[in-house]
There are 4 protein chains.
Amino acid sequence: MHDDKTTRRAGRPRSAEKNDAILRAALDLLARQGYVRMTLDQVAAAAGVSKSTIHLRWKTKADLLTAALAAVRMAGAPPSSGDLRTDLLAILRDFARTVERVNGMALIGTCLAEEDHTPELLALLRERTVLPRRALLREVLERGREEGSVRADADLEAAVSALLGPFYADHLAGRGGRPGWAEQAVDLTLAALRPVGGR
Amino acid sequence: MHDDKTTRRAGRPRSAEKNDAILRAALDLLARQGYVRMTLDQVAAAAGVSKSTIHLRWKTKADLLTAALAAVRMAGAPPSSGDLRTDLLAILRDFARTVERVNGMALIGTCLAEEDHTPELLALLRERTVLPRRALLREVLERGREEGSVRADADLEAAVSALLGPFYADHLAGRGGRPGWAEQAVDLTLAALRPVGGR
Amino acid sequence: MHDDKTTRRAGRPRSAEKNDAILRAALDLLARQGYVRMTLDQVAAAAGVSKSTIHLRWKTKADLLTAALAAVRMAGAPPSSGDLRTDLLAILRDFARTVERVNGMALIGTCLAEEDHTPELLALLRERTVLPRRALLREVLERGREEGSVRADADLEAAVSALLGPFYADHLAGRGGRPGWAEQAVDLTLAALRPVGGR
Amino acid sequence: MHDDKTTRRAGRPRSAEKNDAILRAALDLLARQGYVRMTLDQVAAAAGVSKSTIHLRWKTKADLLTAALAAVRMAGAPPSSGDLRTDLLAILRDFARTVERVNGMALIGTCLAEEDHTPELLALLRERTVLPRRALLREVLERGREEGSVRADADLEAAVSALLGPFYADHLAGRGGRPGWAEQAVDLTLAALRPVGGR
DNA sequence: CATGAATGAGCGTTCATTCAT
DNA sequence: GATGAATGAACGCTCATTCAT
């Protein structure tokens with residue numbers, strides 16, 4: 001009789017490895033194929049489980065993909081090198097690297113395309129990836145404001161959009177991945193935010 | 001081989017009205033449903049033709065949607081009020097209005113999502129809508145440079161991305177449609193581009 | 001230009017043979033397998049068409065089977081040999097023969113079993129086969145009443161149930177197909193309906 | 001081999017309560033959903049056990065339902081008020097009440113529909129419910145014959161079918177539950193069985 | 001013994017595409 | 001040219017059954 005701290009559930013426990021494999025495969029295929037084109041057969045094959053195993057855990061395809069997006073977790077604390085520009089650059093570069101690694105633009109595209117049909121996708125993408133990243137940038141900018149290198153009356157949310165926006169605009173223009181984009185975005189934004197007659 | 005200017009085909013000519021109706025319906029449905037979810041039956045019904053009529057003109061679904069995107073034409077000359085800020089604002093506002101009218105973010109999303117599978121879509125979207133709009137902005141910025149209100153060494157392409165980018169970033173952050181976004185983007189960009197010591 | 005009497009519909013006409021083959025196969029399989037066990041694949045295979053052809057004509061499985069039952073048509077005029085007993089016997093024997101030929105008890109069973117789930121089935125079976133047969137019997141009994149061989153105050157609907165009922169009761173008792181059942185039912189019923197002191 | 005009266009198995013004995021709960025749930029669901037539509041998940045949920053517990057006792061779905069039908073037990077002794085008509089009526093009314101209470105027509109329908117596929121079902125239904133009821137009616141009729149109120153040469157099995165049959169015929173005609181059906185059936189049958197010149 | 005996980009086979013339905021009129 | 005019929009290949013989902021704890 002084992003009765004440690006955790007109450008033992010009856011029956012065979014649900015495999016955590018399978019859970020992870022399924023969610024990973026689902027997210028990957030979602031980015032590579034889009035919501036509709038991705039099939040549960042593909043997910044099952046990629047995760048090495050049967051289709052029924054997926055349905056045992058998530059009732060519908062939408063549930064699965066919602067869970068897959070919900071499982072995405074964003075980094076942690078903002079960098080703090082002591083230099084405003086350096087910190088912003090670090091965040092933007094990490095952002096670009098992550099987007100490229102997970103085929104993020106296609107994933108963003110899918111969530112946008114499905115907004116009318118499965119609005120949870122975009123909502124989750126926003127909550128799990130977009131807003132946390134923005135919060136990081138905002139924190140760094142707030143530190144800059146305290147230091148005096150950012151104008152006190154600056155709209156920091158607008159500044160965040162100015163930092164991230166060029167990445168999207170460049171991608172749509174076919175200029176994605178261009179070296180120096182992050183520096184340009186940071187320098188342009190900081191130039192605009194510099195206090196009048198400042199430093 | 002016909003040597004007229006207009007090559008004449010034998011038999012009953014294909015109805016241009018039907019062509020247009022099909023392409024219009026296809027584009028609309030592409031934006032509202034996405035590539036895969038949109039069906040040819042829906043297009044046929046919306047255009048008031050039979051499904052076979054569509055296949056008679058375009059061999060595959062991808063061909064049809066490529067043609068639908070290729071048929072998109074962008075405005076024309078840049079505004080020229082004499083004031084740099086006013087002109088940029090006019091372009092950005094028209095941009096936002098157009099995107100909202102045609103469910104443009106979903107359309108962009110679809111093209112992004114399909115990039116691996118049907119790359120022509122994103123290429124055409126870029127060519128027909130993104131790049132022409134960017135060219136407009138660039139022209140205005142160049143006029144500003146000539147006038148002296150924009151720094152001579154400014155990277156104008158980066159500036160264009162700084163002008164358009166916040167729109168995308170805001171949308172993804174759930175801040176889309178926020179009033180004043182265009183003013184903020186223009187003011188931020190122009191502040192950064194202002195010649196040193198300049199007005 | 002052909003314009004006879006019937007307005008010519010555009011496109012390829014829908015094959016009437018396929019229609020019939022599908023309905024026939026559906027009814028047969030419905031009787032042999034029951035509603036749920038019967039599959040559209042089986043119907044398609046038996047009818048020599050693709051599954052899609054079935055869905056082109058009937059939106060759902062329930063629609064198809066409803067149509068299959070609705071297509072069942074019952075005989076015509078009641079026999080009239082001049083002898084009441086003979087006429088009733090002829091109807092009952094034809095009834096039994098038909099039920100056996102089309103696996104009718106299983107079909108009836110399916111409609112009863114599905115009553116909670118697809119009530120149209122039992123309703124159609126009733127309308128197309130049960131009630132017409134009862135009407136026949138009733139007509140003959142009415143002629144008997146006019147002749148004076150059936151009591152004037154007899155409840156003829158109850159008499160009809162007395163004529164048909166033993167068939168069902170016998171089947172359930174495992175005595176189905178017993179020779180002489182029809183004679184027994186008719187004689188018992190007529191004996192009960194004979195006018196007091198009548199012929 | 002144990003030589004007790006009750007064979008004792010080794011290990012924890014199977015819970016009799018669970019057995020009963022499962023069989024009761026299975027029978028109820030069989031009547032309400034039909035053989036194929038009813039699922040073992042539903043049975044497990046209704047009985048408050050796991051699906052595996054069911055399979056532990058019965059190898060297949062068919063086995064379970066066979067056992068469920070086999071567990072049905074019919075009343076007991078025939079009523080004996082001293083009056084033939086009263087006794088027959090009592091049996092028929094109890095019959096109708098029982099059928100309605102357990103959704104009996106749907107259950108009968110399922111057994112009929114499954115006859116080709118799982119013939120044990122109809123066989124058991126017959127053995128456990130139909131034949132016992134018929135035996136009751138037959139006993140009462142035999143008493144009537146001894147009393148002289150039923151003709152000596154009457155075919156009592158046919159009479160039983162004449163008593164029960166109208167119930168089925170009425171149900172199929174959409175006249176089920178009609179008040180007075182039992183009286184009509186009894187009176188019609190007794191009238192036909194009355195000895196010639198008898199009381 | 002009892003449970004919950006895991007699965008293979010299969011179902012109704014959809015859709016881009018091809019065929020016949 | 002234009003239509004509607006016909007189809008093969010999937011897809012999401014279900015379920016009786018088997019496996020592991």
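Chain naming here is simple, since letters A, B, ... match the order of the sequence lines and numbering starts at 1 in each. Every heavy atom of this structure was used, including side-chain atoms; hydrogens, water molecules and symmetry mates were not.
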Look at [X] and [N] and indicate whether a side-chain polar atom (N or O) is within less than 4.0 Å of OP1 or OP2.
| X | N | answer |
| --- | --- | --- |
| D/Arg57 | E/dA2 | yes |
| A/Thr53 | E/dA6 | no |
| C/Arg14 | E/dT21 | no |
| C/Lys18 | E/dA20 | no |

Closest to the [X] side chain, choosing from [options]:
| X | options | answer |
| --- | --- | --- |
| A/Lys61 | F/dA2, E/dC11, F/dC13 | F/dC13 |
| C/Arg12 | E/dA20, E/dT13, F/dA2 | E/dA20 |
| C/Ser15 | F/dA2, F/dT7, F/dA6 | F/dA6 |
| A/Thr39 | F/dC11, F/dT18, E/dT3 | F/dC11 |
| C/His55 | E/dA6, E/dT14, F/dA6 | E/dT14 |
| C/Pro13 | E/dT21, E/dT7, E/dT3 | E/dT21 |

Could a donor-acceptor pair under 3.5 angstrom be found where the side chain of C/Lys51 meets the base of E/dT13?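 Between E/dT13 and C/Lys51, which were checked side chain against base, a qualifying N/O pair under 3.5 Å is present.
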
Please give, in whole Å, the distance from F/dA16 P to D/Gln33 CD?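 About 11 Å, once rounded to whole Å.
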
Just checking A/Arg37: base, sugar-phosphate only, or nothing, at a heavy-atom cut-off of under 4.0 Å?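 Nothing: the residue A/Arg37, judged by heavy atoms under 4.0 Å, touches no strand.
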
Is it true that a side-chain atom of C/Arg128 and a backbone atom of C/Arg73 form a donor plus acceptor pair closer than 3.5 Å?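 Here the side-chain-to-backbone pair does not exist.
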
